[in-house]
Participant: 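After the C-alpha cells below, expect a handful of questions from me.
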There are 2 protein chains.
Amino acid sequence: MPESEQIDSLQAREKILATASRLFSEQGYENTSLAQVARQAKVSKALIFWHFDSKEKLYRSALRKTLEPYFIDVDGLEGLGEREQIERLIDLFYDFVHENVDSVRFFLNLTLQVDRQQDEVLGRVQELYRVFRKSLAEIFESGRRHGVFRDGTQPEREAGLIMAALAGLLIQHFRSDGSPDDARDLIEHLKTTLFQRLLVPAVGSTPAGRP
Amino acid sequence: MPESEQIDSLQAREKILATASRLFSEQGYENTSLAQVARQAKVSKALIFWHFDSKEKLYRSALRKTLEPYFIDVDGLEGLGEREQIERLIDLFYDFVHENVDSVRFFLNLTLQVDRQQDEVLGRVQELYRVFRKSLAEIFESGRRHGVFRDGTQPEREAGLIMAALAGLLIQHFRSDGSPDDARDLIEHLKTTLFQRLLVPAVGSTPAGRP
DNA sequence: GTCTATATACAGATAGAC
DNA sequence: GTCTATCTGTATATAGAC
C-alpha cells in the first residue's frame, strides 16, 4: 500500500475535522448541516460518513479537536509572588478568551444546554474551570500563610468571586454592544479593588476600618 | 357572530403561545418542532400556521410573551439608604433569575448566538441589563455625594463589576455541578467585600463627623 | 377557527461503482 | 478512500373540507 494514499486520507479527514470544528463553533450543532461541511471541506457527504460514521461522532471528534488549546499554562507562575500569580492567572484567562472567541462561545453555549450536560468533552471544560478556580484558591491560601494577604482572607470565596467576574465579563464580551475596552477596564478594576482589600498594608500605616 | 367563538379562538391561540414559549425556552428554537408544540397544546399543526403564519413569527410572539415578567421593580427602593438599595437590587436580580431559570437560560443562549444578535426582543433584554447597571451606578454616585460611600468610589466601575459577578454566577448556576448554595454564598461575599471597601467607616462614638 | 391530507424541501444516512 | 445516486424520515408549510 503506497504511502501517498494514507497521507491523502489523513488530509481529507483533517480537512473535514477542521471545517466541522469551525462551523460547529460558529453556528452550533443543529444549525450546521453535513452538506455544508462537505461543501466547504470540498468533499462529498458520503466521505464524511465513511470517516466518522455519524454526525454525532463527527461532532464529538470536532469537540476534541477544538479542545486541544484548552489547558492552563502554570509554568510561567514559578518564582512569582502570590499577588503577581493571581494577576497573571486573570490575564491568562482574559487573553485566552480573546484568542479563542468562537470556541469559548461554543462551549459556553454547551454549558447552557440541558441535554448536553453529560457530554464528556463539556466535562473536561468544566474540570478546567474547577482547576483554575482551585489554583486561585490555593494561591490565596499560600499568600495568607506567607503574610502577603490579610489573615481574614477567605481563599475559596475570593476565588469564586474572581471566577464569577471573569465569566460575567465573558458574557458582556459576547453582547454586540459590549466593548473590549470596558472589559479590560473592569479587569483592572477587579485587580485593584481585590488587592486594596486583601494585601497586608506596608508596615507603619493603618488600614481604614480594619484592625 | 357569537362571542363564544371569539373566546375559543383566543384560548387556542394563547395555549399555543404558552406551549411554544415553554418549549422554546427549554429546548431552543431548532430543537423544537411545530409537531411537538401542536401535540402538547392539543391542536393541529395547521392551526398554528393559521394563527401565526410561520414558525419564525410564532417564535417572535413567544419571545414577547416570555419577556413579559422582565422588568425592574424600583418601587421597593424608595426611602431606603444607598447601601440597602444596592443590596436590594442584587437580591432582586438573584431572585428573578431563580424564578425564571428557563427563560433566562434561553435569553442567555440568544445572547451567544451570532445570527440572532439583531433580534429586537434580545435588544430589550440587553436594554434591561443596561438600565440595571445604570441604576446601580446612579445609586453609587448618590451614595458618594451623601457621604455614605468613600470619595474615591467609581460608580460606573463598581456597577460594571457587580453586573459581571452577577452574570458570572448565572453561568455557574447553569453548570450541572454548580450548587445554589455556592451562588448564595458568593452573593453574600460580594456584598460584604463591596461595602467593606466602599462604606465610609463609622466615626468613633460621636455622630458629629457627618457633614 | 379547526381539522385531515398532502406538497415540498432538506436533513442524516446507505448502496454500490471506481 | 472517494464518489454519485438514492433511501428514508421528518420538518415547515399549504389545500381544502367542515
Side-chain angles (χ1 to χ4, degrees), chain A residues 1-63 65 106 109 113 115-116 119, chain B residues 1-63 65 106 109 113 115-116 119:
Chain A
M1 185 186 291
E3 268 194 10
S4 62
E5 278 185 23
Q6 191 77 13
I7 288 168
D8 280 351
S9 146
L10 284 173
Q11 280 177 345
R13 209 193 124 95
E14 289 307 309
K15 196 162 189 185
I16 294 169
L17 212 45
T19 310
S21 302
R22 179 171 50 80
L23 289 177
F24 283 143
S25 288
E26 286 174 7
Q27 311 177 332
Y29 182 78
E30 318 290 343
N31 279 317
T32 303
S33 75
L34 295 182
Q36 194 184 14
V37 175
R39 208 180 316 122
Q40 295 200 18
K42 289 187 183 115
V43 296
S44 67
K45 273 196 297 176
L47 191 61
I48 298 181
F49 283 95
W50 192 90
H51 279 297
F52 297 97
D53 285 353
S54 71
K55 186 185 181 181
E56 184 68 27
K57 286 184 182 169
L58 168 65
Y59 171 71
R60 280 205 277 268
S61 298
L63 275 189
K65 187 186 170 63
F106 185 56
N109 250 306
Q113 273 164 41
D115 47 321
R116 293 278 180 197
D119 237 291
Chain B
M1 184 187 288
E3 267 195 11
S4 63
E5 278 185 24
Q6 190 77 10
I7 286 170
D8 280 350
S9 148
L10 283 174
Q11 280 178 345
R13 209 191 124 96
E14 289 307 309
K15 195 163 190 184
I16 294 169
L17 212 45
T19 309
S21 302
R22 179 171 51 80
L23 289 177
F24 283 142
S25 289
E26 285 173 6
Q27 312 175 332
Y29 181 79
E30 320 289 340
N31 279 318
T32 303
S33 76
L34 295 182
Q36 195 185 12
V37 175
R39 207 179 318 121
Q40 295 200 19
K42 291 190 180 111
V43 296
S44 69
K45 278 194 292 177
L47 190 62
I48 298 180
F49 282 95
W50 192 90
H51 279 295
F52 296 97
D53 283 354
S54 71
K55 186 184 180 180
E56 183 69 26
K57 286 184 183 168
L58 168 64
Y59 172 71
R60 280 206 276 268
S61 298
L63 275 190
K65 188 186 172 61
F106 184 56
N109 249 308
Q113 273 165 41
D115 48 319
R116 294 276 180 196
D119 236 291

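Note that the structure is a prediction, hence the values are computed from the model and not measured. Each chain gets a letter, A, B and so on, in the order the sequences are listed, and its residues count up from 1. Atom set for the values below is all heavy atoms of this structure, side chains included, hydrogens, waters and symmetry mates excluded.
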Participant: Please state how far atom CG in B/Asn31 lies from atom C1' in D/dT12, giving the value in whole angstrom units.
Facilitator: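 The distance from CG of B/Asn31 to C1' of D/dT12 comes to 16 Å, rounded to the nearest Å.
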Participant: Using a 3.5 Å distance criterion without hydrogens, assess whether the side chain of A/Lys55 forms a donor-acceptor pair with backbone atoms of A/Thr32.
Facilitator: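 Checked: pair present.
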Participant: CH2/B/Trp50 to CZ/B/Arg13 distance, rounded to the nearest 0.5 angstrom?
Facilitator: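 With rounding to 0.5 Å, CH2 (B/Trp50) is 9.5 Å from CZ (B/Arg13).
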Participant: How many whole angstroms separate atom NE2 of B/His51 from atom C1' of D/dA13?
Facilitator: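 Atom-to-atom, B/His51 to D/dA13, this comes out as 16 Å.
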Participant: Identify the residue among A/Asn31, A/Thr19, A/Leu58, A/Asn109 that makes a side chain to side chain contact (heavy atoms under 4.5 Å, CB included) with A/Phe24.
Facilitator: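 Running side chain to side chain contact (heavy atoms under 4.5 Å, CB included) over A/Asn31, A/Thr19, A/Leu58, A/Asn109 with A/Phe24 returns exactly one hit, A/Leu58.
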Participant: From the options C/dG12, D/dT2, D/dT12, select the nucleotide whose nearest atom is closest to the side chain of A/Lys55.
Facilitator: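 Among the listed nucleotides, the one closest to the side chain of A/Lys55 is C/dG12.
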Participant: Which pair of heavy atoms, one from A/Phe106 and one from A/Gly28, lies closest together, and at what distance?
Facilitator: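 Nearest pair, atom of A/Phe106 first, then A/Gly28: CE1-CA, 3.9 Å.
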Participant: Measure the distance from CZ on B/Phe49 to P on C/dG1 and round it to the nearest whole Å.
Facilitator: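 Answer to the nearest Å: 19 Å.
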Participant: Rounded to the nearest angstrom, tell me the gap between atom NZ in A/Lys57 and atom C1' in C/dA13.
Facilitator: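 In whole Å, C/dA13 C1' and A/Lys57 NZ are 13 Å from each other.
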Participant: When the distance from CD of A/Glu30 to P of C/dC10 is rounded to whole Å, what number comes out?
Facilitator: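 Rounding to the nearest Å, CD of A/Glu30 and P of C/dC10 are 18 Å apart.
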Participant: Return the NE2 to CD1 distance between B/His51 and B/Ile16, rounded to the nearest 0.5 Å.
Facilitator: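 B/His51 NE2 to B/Ile16 CD1: 5.0 Å, rounded to 0.5 Å.
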Participant: Expressed in angstrom and rounded to an integer, what is the separation of A/Asp53 atom CG from D/dG1 atom C1'?
Facilitator: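 Result: 14 Å.
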Participant: Output one letter per nucleotide in nucleotides 3-9 of chain D: B when a protein non-hydrogen atom lies under 4.0 Å from the base, S when only the sugar-phosphate is that close, - when neither is.
Facilitator: BB-----
Participant: Without decimals, in angstroms, what is the distance between B/Gln27 CD and D/dA11 P?
Facilitator: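 Atom CD in B/Gln27 sits about 11 Å away from atom P in D/dA11.
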Participant: Would you mind writing out the side-chain donor-acceptor pairs for residues 42-49 of chain A within the sub-3.5 Å range, not counting sequence neighbours?
Facilitator:
unit_1  : atom_1 : unit_2  : atom_2 : d
A/Ser44 : OG     : A/Leu47 : N      : 3.3

Participant: Measure the distance from OH on B/Tyr59 to C1' on D/dA11 and round it to the nearest whole Å.
Facilitator: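 One finds 18 Å between C1' of D/dA11 and OH of B/Tyr59, rounded.
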